[in-house]
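For reference, the structure discussed in these notes is given below.
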Amino acid sequence: MATHHLTTPLTDEAVAQLRSGDVVFLSGTIYTARDAAHRRLAEALDRGEDLPFDLRGAVIYYVGPSPAPPGRPIGSAGPTTSYRMDSYAPRLHALGLKATIGKGCRNTEVRDALKQHTAVYLGGTGGAGALLSQCITAAAVIAYDDLGPEAIRELTVKDFPLLVINDCVGGELYVQVD
């Protein structure tokens, strides 16, 4: 197990060095999106429209944060279960998405897309949303405001603690159950 300090946008070279079980402290800009936002991203792509952010080198965090308390940019921000985004993830990885953050297993198609497009799946600690939010220094809704907590947000993170679950060479931290 190795420890990596990475800054977004992620490059193929940075992602290629990561192995399942490695610890990553991520800094920079990441984006939030859950089921409803992913559906809208797919619909925009189907219509040939630009997405609200550049996928090249991007990281998407599967989270629906709670409202920000006074003096904080965001409320509790723990990862949500990732499998609900599995039908969308391969397409986004093909367009340059380098990492997703969530919890739980990914299906075979997603794991294959990680290998094909030099990407990774990172795990955030479930149940620790209040602690994880302490690493978020800024948050702003950039798309789909009507989705409330599921709107797409641009987050600025500093040393956001993550664990590599699935790497780009086929490694996985746990046994997959499909």
Side-chain angles (χ1 to χ4, degrees), residues 5-11 14-15 24-104 106 110 113 117 119-163 165:
H5 292 266
L6 300 177
T7 301
T8 61
L10 298 180
T11 63
V15 171
V24 172
F25 290 97
L26 186 65
S27 296
T29 300
I30 65 175
Y31 301 93
T32 69
R34 287 182 45 171
D35 329 31
H38 274 76
R39 184 172 36 260
R40 289 198 187 169
L41 292 172
E43 291 167 351
L45 288 170
D46 290 344
R47 291 188 301 267
E49 298 172 359
D50 290 335
L51 297 183
F53 61 95
D54 188 355
L55 285 173
R56 293 171 297 179
V59 177
I60 293 179
Y61 184 22
Y62 302 145
V63 61
S66 64
R72 293 286 310 143
I74 201 165
S76 182
T80 195
T81 305
S82 301
Y83 75 85
R84 293 189 314 267
M85 279 59 75
D86 280 1
S87 62
Y88 305 106
R91 185 176 188 186
L92 299 179
H93 285 300
L95 294 171
L97 180 66
K98 286 294 159 196
T100 56
I101 302 167
K103 66 180 182 181
R106 305 311 298 268
V110 172
H117 303 292
V120 292
Y121 171 52
L122 305 167
T125 304
L131 289 173
L132 290 173
S133 73
Q134 298 301 306
C135 298
I136 300 170
T137 61
V141 172
I142 62 166
Y144 316 137
D145 187 41
D146 62 301
L147 295 178
E150 290 198 42
I152 293 181
R153 287 171 173 73
E154 181 179 274
L155 305 181
T156 303
V157 297
K158 175 81 171 125
D159 293 327
F160 198 73
L162 302 162
L163 190 62
I165 305 298

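All values below were derived from every heavy atom in this structure, side-chain atoms included, with hydrogens, water molecules and symmetry-related copies excluded. These numbers were taken from a predicted model, which means no experiment stands behind them.
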Exercise for the section: Calculate, to the nearest 0.5 Å, the distance between atoms OH and CD1 belonging to Tyr61 and Ile152 respectively. Expected result: 16.0 Å
Handout entry: Least distance between heavy atoms, Leu41 atom then Pro52 atom
Key = CD2-CD, 3.6 Å
Completion exercise
Between Met85 and Arg34 the two heavy atoms that sit nearest each other are SD-C, 3.7 Å
Handout entry: Nearest atoms (heavy-atom pairs only) where Leu147 meets Ala37
Key = CD1-N, 3.8 Å
Exercise for the section: Nearest 0.5 Å please: distance from the CG atom of Asp46 over to the CZ atom of Arg91. Expected result: 4.5 Å
Problem - Test side-chain contact (heavy atoms from CB on, under 4.5 Å) applied to Val110 and Thr100, step by step - result: CA-CA 11 Å; Val110 172; Thr100 56; 5.9 Å; no
Problem - Closest contact, heavy atoms only, Ala44 versus Leu51 - result: CB-CD2, 4.0 Å
Practice task
Supply the atom-to-atom distance Leu155 CG to Ile74 CD1, rounded to the nearest 0.5 angstrom.
Solution key: 5.0 Å
Exercise for the section: Check whether any side-chain N or O of Lys158 sits under 3.5 Å from a backbone N or O of Gln134 as a donor-acceptor pair, and report yes or no. Expected result: no
Handout entry: Residues, nucleotides or ligands: over 12 heavy atoms within 6.0 Å of Arg56 CZ
Key = no
Practice task
Flag the pair Leu132 / Val63 as yes when at least one side-chain heavy-atom distance between them is below 4.5 Å, and no otherwise.
Solution key: no
Practice task
Check the pair Asp35 / Thr80 against side-chain contact (heavy atoms from CB on, under 4.5 Å), numbers first and verdict last.
Solution key: CA-CA 10 Å; Asp35 329 31; Thr80 195; 5.6 Å; no
Handout entry: Atom pair CD (Glu49) and CZ (Arg40), whose distance is rounded to the nearest 0.5 Å
Key = 12.0 Å
Handout entry: Nearest non-hydrogen partners of Pro65 and Ala77, listed with the distance
Key = CB-CB, 4.3 Å
Exercise for the section: Look up atom CD1 in Ile30 and atom CG in Leu162, then write down how far apart they are to the nearest 0.5 Å. Expected result: 7.5 Å
Practice task
Decide yes or no on side-chain contact (heavy atoms from CB on, under 4.5 Å) for His38 and Leu92, but give the supporting numbers first.
Solution key: CA-CA 9 Å; His38 274 76; Leu92 299 179; 3.6 Å; yes
Practice task
Say whether, by atom type as modelled, one donor and one acceptor occur between the side chain of Thr32 and the main chain of Arg153 under 3.5 angstrom.
Solution key: yes
Problem - From CZ (Phe53) to CD (Glu154), nearest 0.5 Å - result: 9.5 Å
Problem - Check: Ser76 main-chain N/O paired with Ser133 side-chain donor or acceptor under 3.5 Å - result: no
Exercise for the section: Over 60° means perpendicular and under 30° means parallel, so classify the ring planes of Phe25 and His5, tilted if in between. Expected result: parallel
Handout entry: Neighbour count above 12 (heavy atom, 6.0 Å) for Asp50 CG
Key = no
Handout entry: Heavy-atom side-chain contact between Ser82 and Arg106 under 4.5 Å
Key = yes
Handout entry: Heavy-atom pair of closest approach, residues Gly104 and Tyr121
Key = O-OH, 2.8 Å
Practice task
In sequence, state the C-alpha distance, the side-chain angles, and the governing distance for Lys103 and Tyr62, and then conclude on side-chain contact (heavy atoms from CB on, under 4.5 Å).
Solution key: CA-CA 8 Å; Lys103 66 180 182 181; Tyr62 302 145; over 6 Å; no
Handout entry: For Thr8, the option from Val157, Thr29, Thr156 that meets side-chain contact (heavy atoms from CB on, under 4.5 Å)
Key = Thr29
